[in-house]
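Below, read A as the first sequence line, B as the second, and so on, with proteins coming before strands; counting in each chain starts at 1. Here the structure is a predicted model, which is why all the values come from computation and not from measurement.
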Protein chains: 2
Amino acid sequence: MRNTRADVVTAALRVLDAQGLESCSMRRVAAELDVQPSALYHHVPNKQSLLALMADEIVRAVPLGQGDARALCVALRDAMLSVRDGADVVATAEAFQLGSSAVEQRLAELVGVDGARTLLLYTFGHAQSTQTHRQAAEFGALLDTASGPNGGVAAAPDLDASFARGLDIILAGLAAG
Amino acid sequence: MRNTRADVVTAALRVLDAQGLESCSMRRVAAELDVQPSALYHHVPNKQSLLALMADEIVRAVPLGQGDARALCVALRDAMLSVRDGADVVATAEAFQLGSSAVEQRLAELVGVDGARTLLLYTFGHAQSTQTHRQAAEFGALLDTASGPNGGVAAAPDLDASFARGLDIILAGLAAG
DNA sequence: ACCTGAACACCGTTCAAGT
DNA sequence: ACCTGAACACCGTTCAAGT
């Protein structure tokens with residue numbers, strides 16, 4: 001046995017974290033494993049399935065047993081933000097099977113199905129915009145050569161706090177209902 | 001003057017609605033205009049810019065002057081759902097410049113910046129999942145040959161009602177704060 | 001079971017050149 | 001100003017064939 005399906009997923013996550021989603025092609029994942037592109041199709045039916053497996057792996061870091069709805073959302077966001085473009089991968093994959101994920105099911109036990117969906121969609125969306133914002137900031141910093149401290153750049157908003165305030169709004173709405 | 005920038009955007013939206021985002025390539029848009037692919041780059045710097053212009057056009061259908069926050073979100077969702085994969089196009093393009101869109105600004109006047117962001121992210125997310133769900137249902141219906149009424153298919157959830165309930169939760173949270 | 005090699009039908013983008 | 005033609009460096013996926 002030369003490579004297993006888990007090896008493929010791990011290699012794909014390495015490529016994702018290093019190069020980003022746009023560069024995470026089947027061909028690059030194959031190169032990461034020193035293998036021909038066609039070899040991947042022995043382990044995975046297509047790229048979409050591989051992305052779904054990557055999403056599962058990213059979400060596996062969220063502990064389901066303990067904590068309230070807020071803690072669950074924060075942990076999910078942290079898990080997505082821990083990998084480059086992780087929010088995109090998880091949100092896209094999850095959108096295809098909303099309702100079947102373990103996180104959503106646990107959330108539904110805590111706050112009902114509508115609350116769970118609302119919290120999830122908000123968490124996905126905020127994490128995605130956090131990651132694109134951070135990437136843009138990184139890119140801007142590269143172009144920012146001769147400027148002093150805060151030279152011409154708007155102060156970065158505190159995205160963690162912004163996320164928390166949105167969570168407060170939704171949780172208050174659930175408490176009121 | 002043979003083609004204008006607006007012609008390119010219109011052609012792109014036609015291709016999008018007919019074939020979906022995945023098939024909405026620069027080459028197909030060019031073919032829609034009976035033009036070489038390279039001709040597009042006279043009107044638009046790259047594909048990402050074209051997608052942003054398409055998103056603007058889709059969102060232009062939302063009336064900003066009248067209505068409360070709820071009406072605004074419903075109108076935004078309707079606008080996105082009116083074009084195939086419209087939610088994807090708008091959500092991706094908007095994520096790059098969150099805070100600058102006219103809809104978000106109007107929403108912020110009504111419910112504050114945190115409320116606006118929460119409502120927007122929820123609306124984007126729900127619309128996206130609505131569209132993927134509907135496409136999956138369409139696809140499933142094609143494979144569903146010999147079954148009678150509701151033969152083996154789970155009843156489609158009422159996605160409009162689901163959206164409304166999530167909106168209720170967020171708006172209740174805003175009223176409580 | 002796992003992989004190679006070669007092919008097919010595509011992409012986005014650039015650039016010199018035409019009118 | 002607007003477009004063509006040709007090229008470059010890529011894609012995802014299939015399939016016969018090897019070990």
Side-chain angles (χ1 to χ4, degrees), chain A residues 1-57 84-85 88-89 92-93 95-96 132 135-136 139 143, chain B residues 1-57 84-85 88-89 92-93 95-96 132 135-136 139 143:
Chain A
M1 196 175 43
R2 292 180 255 184
N3 272 313
T4 171
R5 188 192 181 92
D7 293 334
V8 173
V9 176
T10 303
L13 284 170
R14 241 173 7 234
V15 173
L16 178 70
D17 200 44
Q19 326 245 33
L21 182 55
E22 200 150 22
S23 301
C24 191
S25 64
M26 297 297 271
R27 293 176 116 100
R28 283 218 229 259
V29 174
E32 176 81 15
L33 289 168
D34 277 310
V35 126
Q36 294 297 314
S38 52
L40 298 184
Y41 293 86
H42 193 80
H43 303 281
V44 128
N46 51 45
K47 189 183 183 181
Q48 193 175 232
S49 306
L50 178 53
L51 285 168
L53 291 170
M54 293 161 72
D56 284 349
E57 193 59 33
R84 163 121 86 130
D85 288 340
D88 265 298
V89 172
T92 314
F96 272 94
T132 57
Q135 277 170 226
F139 194 74
L143 306 181
Chain B
M1 197 174 44
R2 293 180 253 187
N3 272 313
T4 172
R5 188 194 184 89
D7 294 333
V8 173
V9 176
T10 303
L13 284 170
R14 245 179 355 242
V15 173
L16 178 71
D17 200 43
Q19 326 245 32
L21 182 55
E22 200 150 22
S23 301
C24 190
S25 63
M26 297 297 271
R27 293 174 115 99
R28 282 218 230 258
V29 173
E32 176 80 15
L33 289 167
D34 277 311
V35 127
Q36 294 297 315
S38 52
L40 297 185
Y41 292 86
H42 193 80
H43 303 281
V44 127
N46 50 46
K47 189 183 182 179
Q48 192 174 232
S49 306
L50 178 53
L51 286 168
L53 291 170
M54 294 162 71
D56 284 350
E57 192 60 34
R84 162 121 87 129
D85 289 341
D88 266 298
V89 172
T92 314
F96 272 94
T132 57
Q135 278 171 226
F139 193 75
L143 306 181

Q.
Using Watson-Crick or G-U wobble geometry with both distances under 3.5 Å, which nucleotide pairs with D/dT13?
A. C/dA7
Q) Toward the 5' end of DNA chain D, which comes first, A/Pro37 or B/Ser38, by nearest nucleotide? A) B/Ser38
Q: Could you check whether B/Arg5 gets within reach of a base, just the sugar-phosphate, or nothing at all, counting any heavy atom under 4.0 Å?
A: nothing
Q. Do you know the tightest heavy-atom contact between A/Lys47 and A/Ser25?
A. NZ-CA, 4.3 Å
Q) For the pair made of CG in A/Leu40 and P in D/dC15, what is the distance, rounded to whole Å? A) 17 Å
**Q.** Candidates D/dG12, C/dG12, D/dT4 - which lies nearest the side chain of B/Ser25
**A.** C/dG12
Q: Find the distance B/Lys47:NZ to C/dC11:P and express it as a whole number of Å.
A: 9 Å
(Q) What's the gap between D/dA7 and C/dC11 when it is taken at their C1' atoms, as a whole Å value? (A) 14 Å
Q. D/dA9 and C/dC10: how far apart are their P atoms, nearest whole angstrom?
A. 22 Å
Q) For D/dC3, does OP1 or OP2 lie under 4.0 Å from any side-chain N or O of B/Asn3? A) yes
Q: Decide if atom CD of B/Gln135 counts as having more than 12 heavy atoms of other residues, nucleotides or ligands within a radius under 6.0 Å.
A: yes
Q. B/Leu21 CG to C/dC11 P: how many Å, rounded?
A. 13 Å
(Q) So, taking the atom named CD in A/Glu22 and the one named CG in A/Asp88, what distance separates them when rounded to the nearest 0.5 Å? (A) 10.5 Å
Q) Is it true that a side-chain atom of A/Arg5 and a backbone atom of A/His43 form a donor plus acceptor pair closer than 3.5 Å? A) yes
Q: Measure from CG on B/Asn46 to P on C/dC11 and round the result to the nearest Å.
A: 17 Å
Q: Take the protein atom OH of A/Tyr41 and the nucleotide atom P of C/dG5, then report the distance between them rounded to whole Å.
A: 18 Å
Q. So what's C/dG18 paired with, Watson-Crick or G-U wobble, going by both distances under 3.5 Å?
A. D/dC2
Q: Mind calculating the distance between CG (B/Asp7) and C1' (D/dA1) to the nearest angstrom?
A: 14 Å
Q. So, does the side chain of A/Arg2 form a donor-acceptor pair with the base of C/dC2 at under 3.5 Å?
A. yes
Q. Without hydrogens or angle criteria, can the side chains of A/Asp7 and A/Thr10 be said to hold a donor-acceptor pair below 3.5 Å?
A. no
(Q) Between B/His43 and D/dA1, is there a contact of a side-chain N or O with OP1 or OP2 at under 4.0 Å? (A) no
Q.
If you only use heavy atoms from C-beta on, which nucleotide in C/dG5, C/dT13, D/dT4 is closest to the side chain of A/Gln36?
A. C/dG5
Q) Between atom CE in B/Met26 and atom C1' in D/dC10, what is the gap in whole Å? A) 16 Å
**Q.** Interatomic distance, B/Arg27 CZ vs D/dT4 C1' [rounded to whole Å]
**A.** 14 Å
